[in-house]
Protein chains: 4
Amino acid sequence: MPENPTRPVSGDSGTGAVVRRGRPVGDREAKRAELLKAAASVIAQEGYAQTSLRKVAQRAGCTTGAVTYYFANKEELVTAVAESRFDSFDAMLATGRTRPDIRAILERWLFRTADDPEFWPVMSQLLAHARYEPAFAAVIERRYARHRDVLASLLATGQAQGSVRDDIPADLLADQLGAIGDGWTMMFPIEPGRFTASRVQALLDAAVTLIAPPSGAHRTSGS
Amino acid sequence: MPENPTRPVSGDSGTGAVVRRGRPVGDREAKRAELLKAAASVIAQEGYAQTSLRKVAQRAGCTTGAVTYYFANKEELVTAVAESRFDSFDAMLATGRTRPDIRAILERWLFRTADDPEFWPVMSQLLAHARYEPAFAAVIERRYARHRDVLASLLATGQAQGSVRDDIPADLLADQLGAIGDGWTMMFPIEPGRFTASRVQALLDAAVTLIAPPSGAHRTSGS
Amino acid sequence: MPENPTRPVSGDSGTGAVVRRGRPVGDREAKRAELLKAAASVIAQEGYAQTSLRKVAQRAGCTTGAVTYYFANKEELVTAVAESRFDSFDAMLATGRTRPDIRAILERWLFRTADDPEFWPVMSQLLAHARYEPAFAAVIERRYARHRDVLASLLATGQAQGSVRDDIPADLLADQLGAIGDGWTMMFPIEPGRFTASRVQALLDAAVTLIAPPSGAHRTSGS
Amino acid sequence: MPENPTRPVSGDSGTGAVVRRGRPVGDREAKRAELLKAAASVIAQEGYAQTSLRKVAQRAGCTTGAVTYYFANKEELVTAVAESRFDSFDAMLATGRTRPDIRAILERWLFRTADDPEFWPVMSQLLAHARYEPAFAAVIERRYARHRDVLASLLATGQAQGSVRDDIPADLLADQLGAIGDGWTMMFPIEPGRFTASRVQALLDAAVTLIAPPSGAHRTSGS
DNA sequence: GATGAATGAGGATTCATTCAT
DNA sequence: TATGAATGAATCCTCATTCAT
């Protein structure tokens, strides 16, 4: 009988690369990552309510027994999916952290879809379900708080440099931008047609203008 | 074990109406509204994924058969719930339309919870599920488009009057505010503790400041 | 009220095999055959319209879940029943093929009940339902065509040997005999009392006389 | 409360014409005939297993209450459908009874579809279900016995006139022809494509040849 | 370590029937 | 006379979970 598989994964497991350190065979983490990928895929394509362990197993090309072997139960699987998504989001934010270009960061923040088209659908499903799965809500709360802190300190830096308006505290600005990101996360899967490239650019310009210092305001164009 | 089906049920169903076999007064719409209320309540408290017709029936104090009598299937029920929620939101917006105070409108818009504490949870569940129920996504799209138009024209009026910044087109501003509202709709059920009255006021102030004309910017306080 | 699902079931399921949770010996085909037998039995005794997966499960001494585990859905189960019936009919025809006695063959063909008293009722139910289950009609068509071919070639041989009238093409004779078999298949379950042994013998004699060469006609006696 | 509606209809009600004698309004029999037609139509198109009172009511353009008002229960409705089908079959046979042309009679007997394309499907469904509905089997038995008698006496007449072979008793011949008719009744709905006009003619010729006196045998052609 | 057979509760939906109006 | 609201059991099917192998 395996050791209790309830131990959460804390490594970066969201980039799709299979992590292989030490023993290269029978890698438990690799198998878990594989299942997480399959689970995220099912959630994105079928919706949380229609996600079943059976479908995840089929997508991963294994048996139902394997899923419950690697994850104690459904809740644990879903929670792990959430963790891995946040990992991948964190990795995305970390990229190019060298030059803190506020526009580039916002772009990644608000339209976090570049490399992973399933990111938005998955996150919207997880967010919606968080309220009803306490262990799961905890993950969201913890990770979101961290994100808000990162974003707030980024904005504070911007305010100190004069590139961000300082008539609103950085933490409130971070909350507003976070809410905008969440709002788009929800709407994008429903109305993808409304989010053309040019519309996204215009929305981004508008967001930058909103948080720019008053003197730096510049006219943006609608779609 | 089922009860003898020939014995008429005479218990109180909760609304004070006595439930009987046979043909009661045919107030079809009232009964539908009652069921919609029950459905919304279940969705809010249990989440969409855990909502079943059986639970809705129990909450409404009737049998499952009664639910499927009034609504052809689950999809129809849920879609009707969505419509009714939008109706109540529209009614809320219409109230006090006489003086278009931008702050009051935003308050109602972004924190649409005053009279209906279940509004946010229900909407967040419906939004999340819209993608996977086409008939349902159609309702969302149609209603949201209307809302955005209303908000955009409101903001355009504000721009003409000088109370709203005009360096961003009204439709883009409306989109941003809509996204903020959706974002909070999602987060509020997950982290209600974060949305204290004072924090909500601060967020509202910040939002007003964001869309105010540059010259009218005024310092807001964080939480 | 359901029993505690953690307690393993240990009762005898009727066939002598002890039913247990977990992974038993994986004799998939044997279990399927067992379920098919149960299904045929239910169809024969209750009629297709009153056949449910639950009844099949009860007859087989297992749970409904087990049935849907071995057969994706009802249609697949019923189709498999049809195939297995045809298999058994084919096997019956093949028996004693050594001496092609036309009367013995007809007897087996028209009164295919010798070893399996449920054969007629099952076939009549399946036949009647075939029209409304395409996947199922396909099985019937394919198998019936083969049977007609076998019968026609048999009759052609008889014609060549002079034991079968040759003023009617063999394929038409085969169709007529096939129709007679189907007709009796339908009527036997409804009026079993009419099919006494002597009446069956008389019908068989009459059928043989019908297809005998004119010169070989001999007087048969009624019931 | 209406009088007990269990009294069976015994008039000719199968030609589709609405019977109106005496009081022309509120004609109970007319309404029943209308419902019977709807029921037969549903049985033919959906199959017995998929026939529900609701569907019958929809097809007839009335409420479910109306159906249970005119027929005590489903069994009574179905039994009445059977009676009406036999009525229409009897009427068909009675037509042109003046000159007892054996071939014309057989044609009507075996291919009773000329004026009512739903006749075969309905009869095949009713036949298949008869075994499991005693009240219903009784109707079948009684009516079939009458038909066999009619056919047997017809054949006996033919034998006396020398137009039918007399080496097989008339009652056995009638049974065989009846079985052929039933067999085709079953197969026609499943494989309509096999029953082309020319094939039907060939089958008919073959049947006539089968029962013709040995000396009168003539070569028929296959399809 | 990993499988997959089996479970049984619960899912949505359909149904024949009842009966107050 | 005729309606249609309401019932509750039964339908097929899916599910997370268990566990002998």
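Naming: A, B, ... by sequence-line order, numbering from 1 per chain. This one's a predicted model, so the numbers in the text were calculated from it and none came from an experiment.
Residues forming a side-chain contact (heavy atoms from CB on, under 4.5 Å) with Gln45(B) (at least two apart in sequence, or on another chain): Ser41(B), Arg59(B), Glu118(B). Listed by chain and number, the residues in a side chain to side chain donor-acceptor pair (under 3.5 Å) with Arg85(C) are Asp116(C) (sequence neighbours excluded). A search for side-chain contact (heavy atoms from CB on, under 4.5 Å) contacts involving Thr64(B) returns Leu53(B), not counting sequence neighbours. With sequence neighbours excluded, the residues satisfying side chain to side chain donor-acceptor pair (under 3.5 Å) with Glu83(B) are Arg142(B), Arg143(B).
Heavy-atom nearest nucleotides on DNA chain F were determined for Lys55(C) and for Gly65(B), and the one closer to the 5' end corresponds to Gly65(B).
Of the candidate nucleotides dT17(E), dT17(F), dC13(F), dC13(F) has the atom lying nearest to any side-chain atom of Thr64(C). Checking dT1(F), dT7(E), dT13(E) against every side-chain atom of Ala66(C), the shortest atom distance belongs to dT7(E). Closest to the side chain of Asn73(C), out of dC13(F), dT7(E), dA2(F), is dC13(F). Considering only side-chain atoms of Thr68(A), the nucleotide from dT18(F), dT7(F), dC12(F) that sits closest is dT18(F). For Arg54(B), counting side-chain heavy atoms from C-beta on, the closest listed nucleotide (dG11(E), dG4(E), dT1(F)) is dG11(E).
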Exercise for review: For DNA chain F, produce a single dot-bracket line, 5' to 3'. Pairs: Watson-Crick or G-U wobble, both distances under 3.5 Å. Symbols: ( ) within strand, [ ] crossing, | other strand, . unpaired.
Suggested key: .||||||||||||||||||||
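Residue pairs satisfying the salt bridge (Lys or Arg N to Asp or Glu O under 4.0 Å) criterion with at least one member in residues 41-52 of chain C, sequence neighbours excluded, are listed as follows: Glu46(C)-Lys55(C).
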